[in-house]
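First comes the structure, then the notes that go with it.
In what follows, every chain begins at residue 1, and chains take the letters A, B, ... in the order their sequences are listed. For the numbers below, each heavy atom of this structure counts, side chains included, while hydrogens, waters and symmetry mates do not.
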Amino acid sequence: MERYRAIDFPLIRMRVSQTLIPTLREDPGEAETVSHRLMLRAGMIRKVAAGIYTYLPLGLRVLRKIERIVREEMNRAGAQELLMPVASPAELWRETGRWDFYGKELLRFKDRHERDFCLGPTHEEVITDLFRREVRSYRQMPLNFYQIQTKFRDEIRPRFGLMRGREFIMKDAYSFDRDETGARLNYQKMYDAYNRIFRRCGLTFRPVEADTGLIGGTSSHEFMVLADTGEETIVYSEEGTYAANVERAEVLPPDACDGDEHRPLAAVPTPGRRTVEEVTTFLKITPRQLVKTLLYDTGKETVAILVRGDHDVNEIKVKRLLGATELELVKPELVPSLIGAPVGYVGPVGLKQIRILADWAVKAMANFVVGANQADTHFVNANWERDFRVDQFADLRNAQAGDPSPRKDGVLKTAKGIEVGHVFMLGTKYSQAMKATFLDAQGQEQLAVMGCYGIGVSRTAAASVEQNHDAKGIKWPVPIAPFHVTLLPLSQSQPVTQLAETLYGTLQDAGIEVLWDDRDDRAGVKFNDADLIGAPYHLVIGDKGLAQGQVELKLRHTGETKKVTPDQVLATLSSWLSTAV
RNA sequence: CGGGGCGUAGCGCAGCCCGGUAGCGCGCCUGCUUUGGGAGCAGGAUGUCGGAGGUUCAAAUCCUCUCGCCCCGACCA
């Protein structure tokens, strides 16, 4: 079977005149991002409420294409498809504690009997419940279930169209294994499947080490589509293999220390200079010679975090080190009551009650500048140990471009990415909370070792647009394009119309998906809509060309055109399509 | 939730400051002409000016409240 064959749902209307494809000539005011703008303009999606969209026929076809690839690869990897409900009862979520922990992102409601429900933002609880009810024996394992389904997360701020919706389509899979080894194997299978899926979708992407966030678990990778508009920052080694989300990327302690002799601590006036930039400019030093002191509240205690002036605190790392579930910067108005100086002048010297944690980079510094805990004053030539106590040194900052790779395989660079997939090793977090056990070969009760694996299907569509577009519109990769070919008869003349109809039939019979622009519109309108909608190939039939016995084929991606005779069209397109897939 | 902005025809916008009963472009409908990169002419339809209340002889315009949306931030897949 040829792989570009028409997708397996009924293709009844492929004529533009009979399909709702409300293209927009102008940019809609609500859209900022490329994918959002172009998908609205191409008539693929329409907004219903903030972060909630209707997929119009063209948009839906793209989703179906992606879903089809996902299904094929999930099935190939041995996962079985099922479908869980959108609504789930609070009891399941209370069992794992996530009813409280998940926060406002979980959209809750009551049924007519006043029972608590939520719209599923993910389905660990539901699937684990299924597992514990239905699976008894190790003989039934390993298992891997997946579904492609609508998820709802009540995002604080939905944005960018399909990139960050509240309602979105996700493929989620959950594996249950007898032991850690089996779980690792399933994890690897999913990791490999994800690589295949995104490659088949025609995306430029990179798997990176990631934080586990609200889902929890022991290790995870994110699949990032590389695009400047991405919301995530990744660091990677160009020379080596290391790649990670900045949230996650480890930073090695510097091996060289500033060996300068310790000079005497001195207070200097820094009137009105609060920010790193203001202070360093005023004192004519670089941010690398200054240490920032940030006060955080964990709900239980206040801690001071010290990082070098040009570094950013990584709150995830701080949380992990402290074992805290909450971590918030102390509100600026509360700072004076804690240390006697306003924000901008906080420093570690003389901090009594507050625990002081410092990033490794600080350990390597000498004679640096810190706030003096007194308004309009900083200390110069501060040195840790001599001038203040550090309770613990640790990796507490975000990795940056220029840092050495933690694998020692080169220097890190940064890039922006869109997270389209995420695989997690969950371990027994959920099976333990929900008592999902099975009997092993010795008749002993064991906890299932789980993994979970998500792909943002609708986000993948948007990510593809972010990566493949030009000023005219979208350039869909062949495997996920809503149609392979847009057929553009440029006039209503009898020979043109007749040839269009013939070729439309010929191509469809060969399994090539054709969108026939049969509207009685000007050539310019059709060309522009075709470019906007972005099918990879355009077939143009005009009176002039036809007089020479020729039609024109255009490649949307490169803009190249090729004149062929009508009877060469099928062979040409078939060969293009088979090499493109 | 904090900061900024916007809701006027299907879409993009003007009008609001300075109150006098709504306009432009595109699209849409009809007809004729046109037809290889968003046609021309002629005619036509379309608005509870986001909603509620108030001030006023009179409110799109001023005031109060409210709802929705967009952008930045905190948060997050």
Base paired to [N] (Watson-Crick or G-U; both N/O distances under 3.5 angstrom):
N: B:A45; value: none
N: B:C16; value: none
N: B:G36; value: none
N: B:C1; value: B:G73
N: B:C26; value: B:G10
N: B:C62; value: B:G54

Separation of [X] atom [atom1] from [N] atom [atom2], in whole Å?
X: A:Ile541; N: B:G37; atom1: CD1; atom2: C1'; result: 17 Å
X: A:Leu327; N: B:C76; atom1: CG; atom2: P; result: 11 Å
X: A:Phe527; N: B:U35; atom1: CZ; atom2: P; result: 15 Å
X: A:Asp517; N: B:U35; atom1: CG; atom2: C1'; result: 14 Å
X: A:Asp154; N: B:C1; atom1: CG; atom2: P; result: 12 Å
X: A:Leu107; N: B:C76; atom1: CG; atom2: P; result: 18 Å
X: A:Glu328; N: B:C75; atom1: CD; atom2: P; result: 8 Å
X: A:Asp518; N: B:U35; atom1: CG; atom2: C1'; result: 16 Å

Gap in Å between the two [atom1] atoms, one belonging to [N] and one to [M], rounded:
N: B:C49; M: B:A14; atom1: C1'; value: 13 Å
N: B:G5; M: B:C41; atom1: C1'; value: 42 Å
N: B:G10; M: B:G51; atom1: P; value: 13 Å
N: B:A22; M: B:U61; atom1: P; value: 14 Å
N: B:U34; M: B:A45; atom1: C1'; value: 25 Å
N: B:A39; M: B:G19; atom1: P; value: 43 Å
N: B:U66; M: B:G47; atom1: C1'; value: 22 Å
N: B:U56; M: B:C63; atom1: P; value: 16 Å

Taking N and O atoms by type only, does the side chain of A:Arg164 place a donor or acceptor under 3.5 Å from a partner on the base of B:C76? yes
Charged N to carboxylate O below 4.0 Å: is that the case for [X] and [Y]?
X: A:Lys151; Y: A:Glu167; answer: no
X: A:Glu73; Y: A:Arg200; answer: yes
X: A:Arg556; Y: A:Asp470; answer: yes
X: A:Asp517; Y: A:Arg15; answer: no
X: A:Glu30; Y: A:Lys47; answer: yes
X: A:Glu32; Y: A:Arg37; answer: no

What's the spacing between A:Met74 CE and A:Ile197 CD1 if we round to 0.5 Å? 6.0 Å
Face-on cation placement of A:Arg108 at A:Trp93 ring, 6.0 Å and 45° thresholds: no
Pairwise N/O distances under 3.5 Å, protein to nucleotides 68-74 of chain B:
from  : atom 1 : to       : atom 2 : distance (Å)
B:C69 : OP1    : A:Ala50  : N      : 2.9
B:C69 : O3'    : A:Lys47  : NZ     : 3.0
B:C72 : OP2    : A:Arg157 : NH1    : 3.1
B:C72 : OP2    : A:Arg157 : NH2    : 2.7

Minimum-distance nucleotide (side-chain atoms of A:Glu105 versus B:C76, B:G38, B:G12): B:C76
What string of B, S and - do you get for nucleotides 26-33 of chain B, 5' to 3', if B is base contact, S is sugar-phosphate-only contact and - is no contact with any protein heavy atom under 4.0 Å? SS------
Side-chain contact test, heavy atoms from C-beta onward, threshold under 4.5 Å: evaluate it for A:Leu532 versus A:Leu24 and give yes or no. no
Quick one: on RNA chain B, does A:Lys554 or A:Met163 contact a more 5' nucleotide (nearest heavy atom)? A:Lys554
Whichever of A:Asp531 and A:Pro28 has its nearest RNA chain B nucleotide further upstream toward 5': A:Pro28
When all nucleic acid strands are considered with a 4.0 Å heavy-atom cut-off, which category describes [X]: base, sugar-phosphate, or nothing?
X: A:Glu232; answer: nothing
X: A:Gly545; answer: base
X: A:Arg41; answer: base
X: A:Asp27; answer: sugar-phosphate

Note: A:Gly43 and A:Leu58 closest approach over all heavy atoms is O-CB, 4.4 Å
Are any side-chain N or O atoms of A:His123 and backbone N or O atoms of A:Pro85, one a donor and one an acceptor, separated by less than 3.5 Å? yes
Would you say the ring centers of A:Tyr146 and A:Tyr453 fall short of 6.0 Å from each other? no
